[in-house]
Structure formats: C-alpha cells, structure tokens
Number of protein chains: 4
Amino acid sequence: MRSENEASGQKGRSFIEEARRAQIVASAVEVIAEVGFAHASLARIAKHAGISKGVISYHFGSKDELMEEVVGRVYSTIGEHVAEKMAGLRTATEMIRTHVRSVAEHMRGHRAQLIALGEIFYNLRTADNTPRYGINASEEIFRAMEEVYRLGQESGEFREFDRRVMAITHSSAIDAMFAYWVANPEHDLDAHASELADLIERACRQ
Amino acid sequence: MRSENEASGQKGRSFIEEARRAQIVASAVEVIAEVGFAHASLARIAKHAGISKGVISYHFGSKDELMEEVVGRVYSTIGEHVAEKMAGLRTATEMIRTHVRSVAEHMRGHRAQLIALGEIFYNLRTADNTPRYGINASEEIFRAMEEVYRLGQESGEFREFDRRVMAITHSSAIDAMFAYWVANPEHDLDAHASELADLIERACRQ
Amino acid sequence: MRSENEASGQKGRSFIEEARRAQIVASAVEVIAEVGFAHASLARIAKHAGISKGVISYHFGSKDELMEEVVGRVYSTIGEHVAEKMAGLRTATEMIRTHVRSVAEHMRGHRAQLIALGEIFYNLRTADNTPRYGINASEEIFRAMEEVYRLGQESGEFREFDRRVMAITHSSAIDAMFAYWVANPEHDLDAHASELADLIERACRQ
Amino acid sequence: MRSENEASGQKGRSFIEEARRAQIVASAVEVIAEVGFAHASLARIAKHAGISKGVISYHFGSKDELMEEVVGRVYSTIGEHVAEKMAGLRTATEMIRTHVRSVAEHMRGHRAQLIALGEIFYNLRTADNTPRYGINASEEIFRAMEEVYRLGQESGEFREFDRRVMAITHSSAIDAMFAYWVANPEHDLDAHASELADLIERACRQ
DNA sequence: CATGAATGAGCATTCATTCAT
DNA sequence: CATGAATGAATGCTCATTCAT
C-alpha cells in the first residue's frame with residue numbers, strides 16, 4: 001500500500017498513480033454533489049469511476065483520506081484562480097471587489113466542486129468524532145482577509161472596525177451567495193457578486 | 001401509535017405523551033449537537049434519554065418525523081423570543097439592530113439547539129434524496145427581512161439596494177456568527193452582534 | 001384475563017364479551033384478507049376495529065388464539081350452510097354435486113373469509129414452528145367425503161377407486177376453484193362449480 | 001455487487017459467484033422448507049449456509065431477488081425433467097398420464113424444493129403488497145395443459161369440456177398430492193399419481 | 001496494481017406482549 | 001373492562017474495510 005500520510009503533496013507518486021488519484025477524486029466530487037455526503041459510499045464512487053472498490057482502498061488509506069484529498073484539490077484550484085486575479089492590485093477596495101467577483105466567476109463553472117466542498121466541510125469528522133473542518137478551518141482565510149482590511153484601514157480607505165467580525169461576515173456572505181445559487185440555478189451569480197461587493201465596501205469605508 | 005399528521009399541533013395528545021415527545025426531542029437535540037446528524041442514531045438518542053428504542057418509534061412515526069419536530073420546536077422557540085423583542089419597534093434601523101442582537105441573546109443560552117438546527121437543516125433529506133430544508137427553507141425569513149428593508153427604503157432610512165441579496169447576506173452573517181461562537185466558545189457573542197448590526201446598518205443606509 | 005383454552009365453545013362468556021370477540025374476529029378476517037397474514041398485525045386489526053391493541057390481548061390469550069378462533073368461526077359457518085343444503089339427499093351423486101355447488105354458492109358472498117381462511121391455514125404455526133393446520137387439518141373432511149364415495153360404490157353408482165385419492169383431489173379442486181376466483185373476480189364461480197361437479201361425477205361413475 | 005437485472009441468465013457471472021449463488025439458493029430452499037417462509041430470515045439462511053449475512057446481500061440485490069431465483073431454479077429443474085419425459089409422446093391420454101407421473105417421480109427426490117416452492121408462491125409479495133406469484137403465475141401452465149386437452153378433443157380421445165376448469169383442477173390435484181405426501185411421508189406417491197392419472201383420464205374421455 | 005468476495009457492525013423499523021392506571 | 005405506554009427482540013439492508021488471488 002502507498003499513500004501513508006502525504007496530505008496533498010505528491011512526493012513519491014508515479015504518473016499513473018497520480019492519474020488514478022485524480023480520477024477517483026473527480027468521481028468523489030461528482031457523487032457527493034449528486035447524492036450528498038451521507039449517501040456517497042465508496043461503492044458508488046467506484047461505480048461512477050468505472051473501477052472496483054478495492055482500487056480506492058489501494059490508493060487512499062481510508063475514506064477520510066480521500067475526502068481530505070478532495071478538499072485539498074478543490075481548495076487549491078480555487079486559491080490559484082483567485083490569487084491570479086488579485087495579483088498586482090493596489091487598493092484594499094479593489095482587492096475586496098476582486099475577491100468576491102473572481103471567486104464567483106470561478107465557481108460558476110465548478111458547481112459540483114462547490115457542493116462537494118460544502119458537504120465535506122460540514123460533515124467530515126475525525127476518528128474522535130469532532131468536526132474535521134468547520135468554520136475554524138477558515139482561519140487561514142480569515143487571516144488573509146484581515147490583512148486586507150488592515151491595509152485599507154491604514155491607507156485610510158476603511159474606517160475602524162472589528163476585522164475578525166468583518167472577515168467572518170464577508171466569508172459567510174460569499175458562502176451563502178453560492179448556497180443560494182446552488183439551490184436556485186437561475187439566480188444571477190455575477191450580479192449577486194457585484195451587489196455583495198457593494199455591500200461590503202459600504203460597510204467598510206469611512 | 002399516535003402522531004398521524006398533526007404537524008406541530010398538539011390536538012389529541014395527552015399530557016404524558018406530550019412530555020415524552022418533548023423528552024425525546026430534547027435528547028435528539030443534545031445527541032445531534034454532540035455527535036452530529038450522521039451519527040445521531042435512534043439507538044443513541046434512546047440511550048441518551050434512558051428509554052428503549054421502541055419508545056421513539058411509538059411516539060414518532062419515523063426518524064424524519066422526529067427531526068422535523070426538532071426543527072419545529074427549536075424554530076418556534078426562537079421565533080417567539082425574537083418576536084417579543086421586536087414588538088413595537090418603529091424604524092427599520094431599530095428593527096435590524098434588535099433582530100441581530102435578540103437572536104444572539106437568545107441562542108447564547110441554547111447552544112445545543114443551535115447546533116442541532118444547523119445539522120438537520122444541512123443534512124435532512126426527503127425520501128427522494130433532495131434536501132428537506134436547505135437555504136430555500138429560509139424563504140419565509142428572507143421575505144420578512146425584505147419587508148423590513150422595503151420599509152427602511154420607503155422611509156428614507158435606507159438607500160436603494162437589492163433586497164434579496166441583502167437578506168441572504170444578513171441571514172448568513174448571523175448564522176456565521178453563531179457558527180464561529182460554537183467553534184470558539186470564548187468568542188464574545190454580544191459584541192459580535194453589536195458589531196454586525198453596525199455593518200448591516202452601514203451597508204443599508206444612504 | 002379470561003378465555004383460557006375454550007377453543008370455540010362459549011361456555012362462561014358474557015354477552016358483551018362474546019360480542020367483542022366476534023367484532024375482533026371480523027376485523028381480523030378483513031385485515032388478513034386485505035393485507036395478508038404476514039402483515040396482519042394486532043395493531044392493524046385493532047385499528048380496523050376501532051379499538052386499542054390491549055383489547056385484543058385481553059380477550060384472546062395470544063395472537064395465535066385469535067387466529068384459531070377465526071378459523072373455527074369461519075369453518076363452522078361454512079359447515080352449517082353446506083350441511084343444510086345436503087340434508088335429505090339420497091344418492092352419492094346428488095351429494096357430490098350439491099357439496100361442490102353449495103360451498104361455491106356460500107363462499108361467493110364471503111370472499112374475505114375465504115381468503116383469510118387460506119392465509120391462516122397456510123401460515124399459522126404452533127410454538128414449535130410446525131404448521132398448525134395444513135392439509136392434515138382436512139382429515140375430518142376427507143373422512144366425510146370418503147363415506148359418501150363408499151356409499152356410492154356400495155349403491156353401484158360409482159366404480160371402485162381409491163377413496164383417499166379421490167377425497168384429496170375433490171377437496172383440492174374446490175380450493176383451487178376458489179383461489180382462481182379470488183385472483184380473477186370476473187371468473188364465473190357457479191359455472192365452474194357445475195363443470196367441476198361434472199368432472200368429479202365422471203371420474204367416479206362406472 | 002453483481003446481479004443487476006439478468007434474471008435467470010448467467011451472462012457475466014464468474015464460476016465462483018455462480019457457486020455462491022447456488023449455495024445460497026440451496027440454503028434458502030432448505031431453511032424455507034424447514035421453518036416456513038415467514039421465519040426464513042436472511043440471518044437464518046446465512047447461518048445455515050455457514051456464511052455471514054452480508055454475503056447474501058452481496059450476491060443478491062434483495063431478499064425478494066433471492067426468492068425469485070429460488071423459484072426460477074426449482075421451476076426450471078422440474079420443467080427439464082418433465083419435458084424430457086414427455087418428448088415424443090403422441091396421444092393426449094399418454095401426455096396426461098406421463099405428466100402426472102413424471103412430476104411425481106421427480107419431486108419424490110426433491111421434497112424440500114417442493115415445500116419451498118409452495119411457501120414462496122403463496123407468500124411472496126411485491127413492494128405494493130400484491131402477491132408476486134399466486135395462482136395467476138400458473139397461467140403458462142394452464143395454457144400448456146389446455147393445449148393438450150384441445151389436442152385430445154380434436155383427436156376424438158376426449159369429450160368436450162371446459163378446458164380452463166380442467167386445467168385448474170388437474171393442476172391443483174397434483175399440488176394436493178404433493179401436499180398430502182409432504183404431510184404424510186409414508187403416503188405412496190407413485191400409487192397416488194397413477195390413481196390420479198386414472199381420475200383425470202376418466203373425467204376427460206368420451 | 002487491481003479485483004471480487006467476504007465480513008461484521010450498525011441502521012431504522014415492526015411487532016407481540018406486558019403492565020400500571 | 002379498556003387504554004396507552006413501553007419493551008426488547010428480530011428483520012432486511014448498507015457500508016467501510018480486509019484480503020487472497
């Protein structure tokens with residue numbers, strides 16, 4: 001068996017092994033998005049991928065490990081897209097608008113990933129049955145956002161406010177935008193993102 | 001067996017039956033809050049309540065029915081508290097501040113209920129595997145919020161903005177405030193609520 | 001508690017007790033006919049009768065005892081009707097025709113009883129899990145039929161044949177006639193009975 | 001898991017899988033014959049086979065599917081034997097005698113199969129609680145028998161009579177012969193079959 | 001590397017029966 | 001007499017995991 005505990009790194013993995021892992025992760029995303037975390041059994045994921053259950057066990061030490069890889073892959077894909085869009089921005093105001101709109105823009109083409117991510121975040125638990133992710137897994141994001149707010153406050157763009165509360169609110173507003181869009185696919189995601197950027201900007205500025 | 005189709009009414013229920021139902025609902029809340037929706041089996045709930053599994057089946061037609069009763073009870077408790085606090089308010093600004101702060105005030109004493117409600121909302125599915133609640137179950141709340149915003153806009157307190165986007169954002173900000181507090185019990189819920197009320201007010205006003 | 005082991009007798013039973021038992025038996029017949037033996041729970045029978053489960057337990061020592069009473073009552077009703085029709089007949093040929101046709105005539109108006117009887121016969125088992133009725137419960141009937149055949153053989157109406165085989169065949173032919181009619185309600189029961197009487201007569205006669 | 005929707009075919013089944021299925025079916029037959037349909041739980045069948053409960057679920061999609069496979073296998077075994085014996089017969093009279101005697105001959109060595117078949121026929125129900133087999137499942141047999149009678153009538157061997165009534169009677173007489181033998185193992189099955197063939201012949205002929 | 005097979009624990013639900021009131 | 005409440009065993013089924021080949 002391979003895959004001990006290398007999280008998202010791809011250290012010693014052969015090309016073919018990497019391909020299998022990617023295929024399985026993709027299947028997991030689609031199955032979770034379709035039937036929900038609770039009904040996404042390894043059997044279903046394997047069937048969807050056209051492989052046998054054993055393959056999954058071979059490449060991933062456990063179901064939990066597979067789930068964590070799903071989160072890792074989806075997360076970094078989003079991060080890459082957003083980072084690219086935000087590169088070179090100067091003002092905090094621009095950064096915030098760009099953040100909201102670029103993440104919306106990206107998720108519009110990755111609906112299944114969005115749903116799967118939420119399902120896993122909300123449901124995955126560690127062996128001692130405490131939530132594996134949950135809101136505290138966003139600490140890194142909160143920190144990054146707070147940094148932007150601090151920037152804006154220092155530059156005089158923003159008034160003084162509690163940056164942690166703002167980060168939590170900002171983050172949840174984006175999540176809710178997606179959740180609403182997932183439940184109502186005809187909802188105009190980009191318009192919502194623009195409007196939301198306005199709200200945040202107004203809440204922040206002097 | 002009882003419990004036909006009386007939803008939340010307590011028409012034909014004897015005192016003792018009502019007490020048992022309440023006891024079982026309370027157990028369900030605590031177990032769900034502790035181990036999560038997925039691991040909250042009837043066996044565990046019964047054990048927690050110190051009764052046999054069959055009792056639950058006797059008083060509730062199905063597990064789903066029990067879950068819906070949990071939602072119903074928790075929901076109406078919250079609703080009563082908030083409604084009381086908001087009675088008699090005049091301006092939209094006051095209403096919004098009061099809403100945010102009164103719901104925070106109430107949930108501070110009902111942590112398990114808060115968690116259980118979220119778990120069920122996110123996880124309960126109907127027989128055809130579509131989400132039973134999910135964000136669309138908040139439609140009623142969105143409508144009520146939109147009405148307040150409309151009021152504020154008409155009175156000139158608020159500027160023009162997309163009321164639906166605001167309602168989604170407002171609602172999710174409250175949920176996130178609670179989620180953060182649940183994960184970080186030392187977090188100052190009331191301070192967060194005040195700060196959040198400020199944010200919303202600033203986002204709304206002219 | 002009453003009702004020890006009095007089978008079908010009504011020795012020490014009060015009028016009201018007798019009425020309750022009859023009501024419960026009638027409900028049992030209808031429920032069994034409708035949903036089958038396996039799904040005819042005491043709860044369903046009680047609900048159908050508009051009484052509580054406890055009443056049944058009070059009047060019948062066990063579910064099995066109720067089932068046996070159903071058989072007893074239905075059986076004796078049929079017996080009475082047939083006996084009446086056959087009284088005074090002289091020739092074995094007449095007796096056989098009359099038997100087939102009178103039982104058909106009677107069951108035509110008692111479809112539920114017919115079905116319930118079959119369900120119980122086929123499914124009820126004693127505590128040691130051996131069939132309670134089954135084909136050996138028909139011994140009495142076989143004996144009576146054999147007596148008629150012997151009569152016919154002695155009178156010269158009938159040829160020599162194995163009377164036990166004839167009794168089994170005769171009896172099963174009637175049961176099958178009913179089973180076919182139950183499954184195909186448009187089937188002409190009386191015509192079938194006449195035709196069957198012909199078949200038996202031809203098989204018997206010189 | 002296998003077993004999608006291949007009915008009785010053995011298309012994609014490996015040797016080992018086929019063996020397991022056969023073993024499980026054999027166990028089911030024996031358990032049903034011994035304790036009756038109602039008490040033949042998957043647990044008991046698995047225990048009898050010396051395997052875990054899960055194995056049955058692995059090889060059969062549901063208990064109903066297993067039951068239907070039991071019926072299919074037993075049925076086709078009987079059919080093969082009888083068809084072989086009847087090949088090449090000319091007169092309807094010969095056919096009828098041969099049918100009755102060959103099926104008796106075969107079942108004499110397959111008592112458990114006989115009982116299990118009856119139990120399933122009588123008790124298995126579809127999801128909507130209507131009988132899965134029952135007498136109407138014999139339609140094919142009735143049709144085949146009617147064809148033989150028609151042959152005999154056209155050839156002048158047989159008189160005119162209602163072929164459907166005759167088929168029902170003929171079929172039930174065989175079933176009853178078996179039922180009597182099952183309940184009374186010392187009963188001479190072959191003699192009964194011969195006598196029964198006589199009865200049918202006499203009922204049919206001019 | 002990959003598979004199919006098997007395990008055994010856990011699940012929601014049904015039910016006959018018992019019993020205090 | 002009658003009731004509603006409670007019990008605990010049993011049922012069919014799902015599933016992550018293990019393992020020989």
Side-chain angles (χ1 to χ4, degrees), chain A residues 1-2 14 16-17 20 38-46 51-66, chain B residues 1-2 12-17 19-21 38-46 49-67, chain C residues 1-2 14 16-17 20 38-46 51-66, chain D residues 1-2 12-17 19-21 38-46 49-67:
Chain A
M1 215 241 289
R2 265 348 209 10
S14 72
I16 182 164
E17 186 170 357
R20 265 279 193 252
H39 295 101
S41 65
L42 290 187
R44 247 197 267 241
I45 293 168
I51 58 180
S52 90
K53 260 188 309 178
V55 187
I56 299 180
S57 295
Y58 179 79
H59 288 283
F60 296 91
S62 68
K63 189 185 185 182
D64 287 1
E65 197 187 309
L66 167 58
Chain B
M1 211 243 293
R2 272 341 216 10
R13 277 203 262 282
S14 69
F15 172 74
I16 177 163
E17 182 171 4
R20 262 284 190 251
R21 285 176 73 97
H39 296 97
S41 66
L42 292 187
R44 245 199 265 241
I45 294 169
I51 57 179
S52 91
K53 253 191 319 175
V55 185
I56 299 180
S57 293
Y58 179 77
H59 288 283
F60 295 91
S62 68
K63 189 184 185 183
D64 287 2
E65 194 188 309
L66 167 58
M67 293 298 135
Chain C
M1 213 242 291
R2 266 345 212 10
S14 72
I16 182 164
E17 185 170 358
R20 264 280 192 249
H39 295 100
S41 65
L42 290 187
R44 246 198 267 242
I45 293 168
I51 57 180
S52 89
K53 260 189 311 178
V55 187
I56 299 181
S57 294
Y58 179 79
H59 288 283
F60 296 91
S62 68
K63 190 186 187 184
D64 287 1
E65 196 187 310
L66 166 58
Chain D
M1 213 245 291
R2 274 339 218 10
R13 277 204 261 282
S14 70
F15 172 75
I16 178 164
E17 182 170 3
R20 260 285 189 254
R21 285 177 73 95
H39 296 96
S41 66
L42 292 187
R44 245 199 267 242
I45 293 168
I51 57 180
S52 93
K53 254 191 317 175
V55 186
I56 300 181
S57 294
Y58 178 75
H59 289 283
F60 295 91
S62 68
K63 190 185 186 184
D64 286 2
E65 195 188 309
L66 167 57
M67 293 298 136

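Reminder, nothing fancy here: chain letters follow the sequence lines and each chain counts from 1.
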*Residue mapping more 5' on DNA chain F - nearest nucleotide basis, Ser62(A) or Val55(B)*: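 The residue mapped nearer the 5' terminus is Val55(B).
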
*If each of Ile16(A) and Gly50(D) is mapped to the nucleotide of DNA chain E with the nearest heavy atom, which maps nearer the 5' terminus, i.e. the 5' end?*
Ile16(A)

Could you state the atom-to-atom distance from [atom1] of [X] to [atom2] of [N] in whole Å?
| X | N | atom1 | atom2 | answer |
| --- | --- | --- | --- | --- |
| Asp64(A) | dT17(F) | CG | C1' | 12 Å |
| Glu17(B) | dT3(F) | CD | C1' | 13 Å |
| Ile45(B) | dC11(E) | CD1 | P | 10 Å |
| Ile56(A) | dT3(E) | CD1 | P | 10 Å |
| His59(B) | dA12(E) | NE2 | C1' | 17 Å |
| Glu65(D) | dC13(F) | CD | C1' | 13 Å |
| Tyr58(D) | dG8(E) | OH | P | 16 Å |

Please find the pair of heavy atoms, one from [X] and one from [Y], that lie closest to each other, and give the distance.
| X | Y | value |
| --- | --- | --- |
| Glu65(C) | His59(C) | OE2-O, 4.4 Å |
| His39(B) | Arg44(B) | O-NE, 2.9 Å |
| Lys63(A) | Ser41(A) | NZ-CA, 4.2 Å |

Give the nucleotide from the list [options] with an atom nearest to the side chain of [X].
| X | options | value |
| --- | --- | --- |
| Ser57(D) | dT18(F), dT13(E), dT14(F) | dT14(F) |
| Ile51(B) | dT7(F), dA6(F), dT18(F) | dT7(F) |
| Ser52(A) | dT13(E), dG8(F), dT3(E) | dT3(E) |

Protein and nucleotides 9-11 of chain F: nitrogen or oxygen contacts under 3.5 angstrom:
unit_1, atom_1, unit_2, atom_2, d
dA10(F), N6, Lys53(B), NZ, 3.4
dT11(F), OP1, Ser41(D), OG, 3.4

*asked:* Measuring from atom OG of Ser62(D) to atom CG of Leu42(D), what distance do you get when rounded to the nearest 0.5 angstrom?
replied: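 Interatomic distance, Ser62(D) OG to Leu42(D) CG, rounded to 0.5 Å: 9.0 Å.
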
_If I take atom CD1 from residue Ile51(B) and atom CD1 from residue Ile56(B), how far apart are they, to the nearest 0.5 angstrom?_
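These two atoms lie 5.0 Å from each other.
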
_Watson-Crick and G-U pairing of DNA chain F written in dot-bracket, each distance under 3.5 angstrom, with | for inter-strand partners_ = .||||||||||||||||||||

*Is there a side-chain contact between Phe60(D) and Arg21(D), using heavy atoms and a 4.5 Å cut-off?*
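When only atoms from C-beta onward are counted, Arg21(D) and Phe60(D) do touch, with a gap below 4.5 Å.
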
*According to a strict under-4.0 Å criterion, is Arg20(C) in side-chain N/O contact with OP1 or OP2 of dA2(F)?*
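Looking at the OP1 and OP2 atoms of dA2(F), one of them is under 4.0 Å from a side-chain N or O of Arg20(C).
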
